[in-house]
Number of protein chains: 2
Amino acid sequence: MVADGAMTGLATDVVVFTIRDQCLRVLLVRRSGEPFAGHWALPGGMVPADEALDDCASRMLGEKTGVRGVYLEQLYSFGEPGRDPRGRVVSVAYYALVPPERLARFADGDDQLAWMPTEALPELAFDHRHIVELAHRRLAAKLDYSNIALQFMGERFTLSELQSVYETILGEPLDKRNFRKRVRNLPCIEDTGEWFRAGKHRPARLFRVTRSDRVEIIK
Amino acid sequence: MVADGAMTGLATDVVVFTIRDQCLRVLLVRRSGEPFAGHWALPGGMVPADEALDDCASRMLGEKTGVRGVYLEQLYSFGEPGRDPRGRVVSVAYYALVPPERLARFADGDDQLAWMPTEALPELAFDHRHIVELAHRRLAAKLDYSNIALQFMGERFTLSELQSVYETILGEPLDKRNFRKRVRNLPCIEDTGEWFRAGKHRPARLFRVTRSDRVEIIK
DNA sequence: CGAAGTTAGTGTCTTTTCTACACTATGTCA
DNA sequence: TGACATAGTGTAGAAAAGACACTAACTTCG
C-alpha cells in the first residue's frame, strides 16, 4: 500500500432532491451514533475498498429510497482536516434527482428519515448544510443550460407541472408563454395526445420525455 | 478512527495549464518510482493527514513551478478501485492556470519536468490523460460564461494576445471585431494608455486587469 | 524617401434570441 | 347558466450575436 500519513477515511454523501408540495426537498437521515448523534445528516457512509465512488453513492441512494437509475452526479469533494471530529475523512459528495412518483413510501412513518424543504433545514451534522447549499446552486445553474429538470418528471406530465418545477428550484416565477415557447421546442419532449383532467377546470395536455434520456446540455 | 475497509490512499493531482507558442500546455513530471516508472504524470502526491485538499494542491503547484497565488479550482475526484495498481487511491484532481510570464525557469534544463502541448501528450501514468481532457473541457466551457481567460494574462497585455488565448484554448479562430466588442465592455479590463511596440507594425494598446480579480461569472 | 509588409484597430447591418404583456378556451360545480 | 379555475396562445420591441472589409501605424528594404 501507499505512504502513511495519506491514509484517510473515505466517504460519500448524497444530496437526494425531490419536489413535493411546491417545495424542493432533501432526504435527511437521523444519526444514531457519535458524533452528532440525533442530528440530521445526509445519507452517506464509508466507501468499501473495492467499490467505485459512483457505485457507492448509487447504492446508498438505493438503500435509503428504494430507487435506482435516477440522475446522479458528483458534486464536490470535502476534505477539511477538521470536518469530522473522529479524524481525517474525505467526503465525495453527490447529488441525485428523484421524481416524487418514484418514492412509493415517502419516508412517512419512519422517524429516522425525512424529506425536508431546502429553505427550512434543521441543523445538520458535519458540513452537510454547506453541501446542500452547493448542490442547490449547481442544480439551479443547470436549469439554465441543460434539460436537467426533466429528471424530476414522471412518465407523463403537463407543462404547468414542469414550469412549477423550474419555479420551485429557482425560487422565482416565470412567464408562462415564454416558458412554453422555450420548452415546446425541445427535441426531447413530446406531446402524448393524452389529457390530464383534475379539478374543475380545463384539462391539460400530457407530455413525455421521448427517449428516456439522460441530461443533455442544450445551450 | 473510522471503520476499516474505508481506509484509502488520498492524493491530489494538479493539471497546471499555461500557454506558450500558441499552445495550451500542461506541466508533466517524470515518475521515478513504480508503478509507471519513467512515464510522464501530473504533478501530485499523497495528502498529509493534517492538510486541506486545496492547500495540498496549491503546495504541489508551488513546489513544481515556484508559483503561488494563481487560479486553482477543484476539478473532480477519481476513485476507480483499479486506477492505481498499488491499492485504493482516491485522487482529488485540481486544475490551475499560470501566466507564462510567471514561469521564470520554463522547466527547460530539467528533464524530469516538461510543459507538453495538450494536443500531443505522451502516454501518461494512471488515468491522467483522462483527467487532462476533463480539465481542458471545463476550461473551454468556462471561456463562454466567465472571464477565466484573464488568469493567463500577465500585468499588461494587448487584445490580440487575449484573443489568441481564447483561440488557443477553443481550438478555433474568432472574429476580431466581435471579440473586441465583447471584451472591451468588460468592467474588469482597463486601457492603460500605454503602447506595446514589437516588430515592424503598428503598436498595440496595453490593457490591464483592473482589480487583480479572481474569476467572475459574467453571464 | 517611398513602396511593401505586418499587425492594430474600427462600424454597420442582419439574424436571432429574450422579454414583456392579456386575453380566450375548456372544463367543473353550485 | 354563471362563476370559477387552470390551460393555452402570439406579437412587438429590445438586446445580443454574427457576418463582414477596410484604414492606420509602424518597420524595413530597395
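It should be emphasised that the depicted structure is a prediction, and the values quoted were computed from it without experimental measurement. Within every chain, numbering begins at 1; the chains are lettered A, B, ... in the order of the sequence lines, protein sequences first and strands thereafter. Any value given below was found using the heavy atoms of this structure, including those in side chains, with hydrogens, waters and symmetry copies removed.
Looking at B:Phe152 and B:Thr168, their side chains never come closer than 4.5 Å, going by heavy atoms from C-beta outward.
Side-chain contact of A:Tyr95 with A:Glu73: a donor-acceptor pair under 3.5 Å is present, judged by distance alone.
Using a 4.0 Å cut-off, no side-chain N or O of A:Arg177 falls inside it from OP1 or OP2 of D:dG8. Considering only side-chain N and O atoms, A:Ser160 lies under 4.0 angstrom from the phosphate OP1 or OP2 of D:dA7. Note on B:Arg180: a side-chain N or O is less than 4.0 Å away from OP1 or OP2 of C:dG9.
Summarising the local packing, CZ of A:Arg102 is surrounded by more than 12 heavy atoms from other residues, nucleotides or ligands at distances under 6.0 Å.
Annotation: cation-pi geometry satisfied between A:Arg30 and A:Trp40 (NZ/CZ under 6.0 angstrom from ring centroid, within 45° of ring axis).
If you take NE2 of B:His201 and C1' of C:dG5, they are 11 Å apart, rounded to a whole angstrom. Atom CG in A:Asn178 sits roughly 15 Å away from atom P in D:dA12 (whole-Å rounding). C:dT17 atom C1' lies 9 Å from atom NZ of A:Lys181, rounded to whole Å. Atom P of nucleotide D:dT6 and atom CH2 of A:Trp195 are separated by 18 Å, given to the nearest angstrom.
For the pair A:Gly199 and A:Asp175, both in contact range of DNA chain C, the more 5′-proximal nearest nucleotide belongs to A:Asp175.
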